[in-house]
Amino acid sequence: MPVPWFLLSLALGRSPMVLSLEKLMGPQDTARCSPGLSCHLWDGDVLCLPGSIVSAPGPVLVPTRLQTELVLRCHQETDCDLCVRVAIHLAVHGHWEEPKDEDRSGRAADLELEEPRNAFLQAQVVLSFQAYPTARCVLLEVQVPAALVQPGQSVGSVVFDCFEAALGAEVRLWSYTQPRYQKELNLTQQLPALPWLSVSADGDDVHLVLDVSEEQHFGLSLYWNQVQGPTKPWWHSNLTGPRNITLNHTDLFPCLCIQVWPLEPDSVRTSLCPFKEDPRAHRNLWRAARLRLLSPQGWQLNAPCLLLAEATLCWQAPGGGPCLSLVPPLSRENVTVNKTLELPLLNAHPNLCVQVSSWEKLQLQECLWADSLGALKDDMLLLETRGPQDNRSLCALEPSGCTPLLSQASTRAARLGEQLLQDLQSGQCLQLWEDDLRALWACPMDKYVHQRWALVWLACLLLASALFLLFLVKKNQVKAVARGRATLLVYSAEDSGFERLVGALASALCQLPLRVAVDLWSRRELSAQGPLAWFHAQRRQTLQEGGVVVLLFSPGAVALCHEWLQDGASASAPHGPHDAFAASLSCVLPDFLQGRAPGRYVGAYFEGLLHSEAVPALFRSVPVFSLPSQLPDFLRTLQGPGTLRPGRLGERAKRVSRALQPALDQLLQPPGDPGDPEDGTRVGT
């Protein structure tokens, strides 16, 4: 059917080279030869019968190469079809037979008589063309003068005009001689499609871009090109002008094709199937594929497109795990999409499943009888092998292999081998399949499972009791961790500046969180109970809860410690502002002297107020930290190991350092400094 001129101009006119396509006027086929050759095209088409290859009797002409060119065959100036011109290059195959020596003298006299007979070398060349739905064969006679015959050398070419074809068609060409002296030449070529139909991807979307004039009316159809049966339409519309149609990537399939045609009488339709090799289309195809049970032994694989796949049966045990393949004894079977297949089963079972694989990769698995027969059963699958003289052997198909029933293996089937054999003999097992040599049986295991429930329940009760006891032991520790670790700060109240520094430290530690006790916040209880009783009660509670006592060393605290270590009796008397710290030493020193301090006490001092060497040696049996430089280690010790990640611990150390720094700077500020508020200087304006 003639293709309207505007289609050819759209398809071919965008390239300057194609604009100069040669136009052939009229419908007749023609043939022409290169100089020195003569050729003739037979009228009408011939049958394509290549025949068998025969030996050449001497030098013969054979085709050596096919070459194509696009031309236009025009019925009118603006009504042209796309046409394929074919050039067949020819060469000489074979050699002249040389005469024997004794015949050369006699043959020389007859050479003049044979020369006219050998003046030309002639061949009949067949040219075959296929482009769906067209198939043609033409015959060309070619002659070459004997003077041009050189074995193995090209003698020229013959050109055929022309085979009509549609835009976007796949063209296949063959050429051979009659009789045929060698394998036929072949050439496959894809003709240009309509460039105004293009497919592009944008993320998860696919765009169909149709670039035509605003006045052009055309039809667009999306369909599934199925091998079995007719094509299946999916979407169709008549459109006008340029369009951009968006498809979601989930709509793509390998057999999804696009067809476009102008809305004119007898117009040629152009088809394009651009998603054959698209990985997304193949993934969508397998997602859309479904296994469907049709009868107790009949099933189908439903899918929009053709699939190359194999199906096997497998046994799926309850509780997950891989499906145990039944190959052998059952063989694999090629799957045809949307065609009913029969399974060679005597009885169905919910544990029997169908696996569909493609290129040795599992794509689908479905237990087709699970809906009709209920949930998976805890049955044992037995394979019976029959030998001569009615001998038979039984093994259980397990993930580790086929375990003989009467064996010493450590599997469940081996342990229950005798019982399973008795169940089979008493008819309690269901036969699933059999042939002349083998059979498959499914034997229930429920009664053996029930016998083990008593032991399982007893083990569960023992485990629950152990967990309850462990819970009671850890209960107090869990509560302590949830509330924060108890921390008791002990210091020597030398002056108001040092007390402010201790208060800043206590407040910052409470934010970690830690449960901090310090006499600054308990002055009423301290006055009512007395320093010794108050500290003794706080120390006992802190240590019972797994907490820690922090000794904050200062020059006054160090001096008081030396007094106690030199003369404990004189040190027990009141010492003014150091009375509370002095009372604490009566409880603290025995722990250090008797080696009970590690894990219960830590020491700390503030940089600029005291050097590490000033801390008495007795108290160095526990960690002593310099603040604020060793705040991360100090906080890690207070909160216990593994409670915080290093990053969060560093952040909290910086926060505590910022809280301490103002009070520490004010305490370290020398007397008479202009910035000291006590000298009357006003800070700021």
Side-chain angles (χ1 to χ4, degrees), residues 291-299 310-333 341-357 362 364-387 390-453 456:
L291 295 174
R292 187 161 61 99
L293 183 66
L294 300 178
S295 64
Q297 284 79 34
W299 66 284
E310 290 182 330
T312 59
L313 277 176
C314 65
W315 179 266
Q316 180 65 65
C323 196
L324 186 62
S325 176
L326 299 183
V327 180
L330 299 178
S331 60
R332 298 181 182 271
E333 184 176 1
L341 301 174
E342 295 291 331
L343 295 171
L345 297 175
L346 298 176
N347 293 286
H349 193 281
N351 294 28
L352 284 174
C353 306
V354 175
Q355 287 182 335
V356 178
S357 304
L362 178 63
L364 285 176
Q365 176 181 313
E366 191 166 342
C367 301
L368 299 177
W369 298 273
D371 293 337
S372 58
L373 300 181
L376 301 178
K377 297 182 179 180
D378 188 19
D379 290 359
M380 182 66 68
L381 189 63
L382 303 182
L383 173 62
E384 177 186 356
T385 303
R386 299 161 183 166
D390 202 22
N391 292 331
R392 66 175 184 171
S393 61
L394 288 167
C395 63
L397 291 173
E398 297 182 294
S400 58
C402 201
T403 306
L405 291 188
L406 303 179
S407 68
Q408 302 300 319
S410 59
T411 64
R412 183 174 67 159
R415 291 193 299 269
L416 300 173
E418 294 184 1
Q419 294 92 322
L420 291 172
L421 187 57
Q422 294 175 2
D423 292 344
L424 181 62
Q425 294 172 349
S426 61
Q428 300 182 38
C429 299
L430 177 67
Q431 187 176 24
L432 304 179
W433 167 85
E434 73 169 343
D435 62 9
D436 295 337
L437 300 177
R438 292 166 297 184
L440 283 176
W441 302 84
C443 298
M445 299 291 289
D446 295 344
K447 58 183 178 181
Y448 304 113
V449 175
H450 294 159
Q451 293 175 1
R452 298 199 304 268
W453 273 116
V456 173

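Residues take their numbers from the sequence shown, with the count starting at 1.
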query: Can you tell me if the gamma sulfurs of Cys395 and Cys402 fall under 2.5 Å?
result: yes
query: Is the SG-SG separation for the cysteine pair Cys443 and Cys429 below 2.5 Å?
result: yes
Rounded distance (nearest 0.5 Å) linking atom [atom1] of [X] with atom [atom2] of [Y]:
X	Y	atom1	atom2	result
Leu394	Thr403	CG	OG1	12.5 Å
Leu362	Ser357	CG	OG	5.0 Å
Trp433	Leu313	CH2	CG	10.5 Å
Met380	Asn351	CE	CG	11.5 Å
Leu381	Leu397	CG	CG	5.0 Å
Thr312	Arg332	OG1	CZ	5.5 Å

- prompt: How far apart are the C-alpha atoms of Lys377 and His349, what are their side-chain angles, what is the distance that settles it, and do they pass the side chain to side chain contact (heavy atoms under 4.5 Å, CB included) test?
  reply: CA-CA 9 Å; Lys377 297 182 179 180; His349 193 281; 4.2 Å; yes
For [X] and [Y], which heavy atoms make the closest approach, and how far apart are they?
X	Y	value
Ala442	Pro444	O-CD, 4.0 Å
Ala396	Leu405	CB-CD2, 4.2 Å
Arg292	Leu368	N-CD2, 4.3 Å
Val354	Ala311	CG1-CB, 4.4 Å
Glu342	Glu333	O-OE1, 4.1 Å
Trp369	Leu352	CE3-O, 3.3 Å

What I want to check is whether the side chains of [X] and [Y] have a donor and an acceptor closer together than 3.5 Å.
X	Y	answer
Tyr448	Asp378	no
Thr411	Glu398	yes
Gln316	Gln365	yes

message: With a 4.5 Å cut-off on side-chain heavy atoms, are Cys353 and Trp315 touching?
response: no
field: Any Arg392 side-chain heavy atom under 4.5 Å of Arg438 side chain
entry: no
task: Answer yes or no: does atom CD of Gln425 have more than 12 heavy-atom neighbours from other residues, nucleotides or ligands under 6.0 Å?
output: yes
query: Is a donor on one side and an acceptor on the other found under 3.5 Å between the side chain of Arg386 and the backbone of Asp435?
result: yes
Leu432 backbone acceptor or donor facing Asn347 side chain under 3.5 Å: no
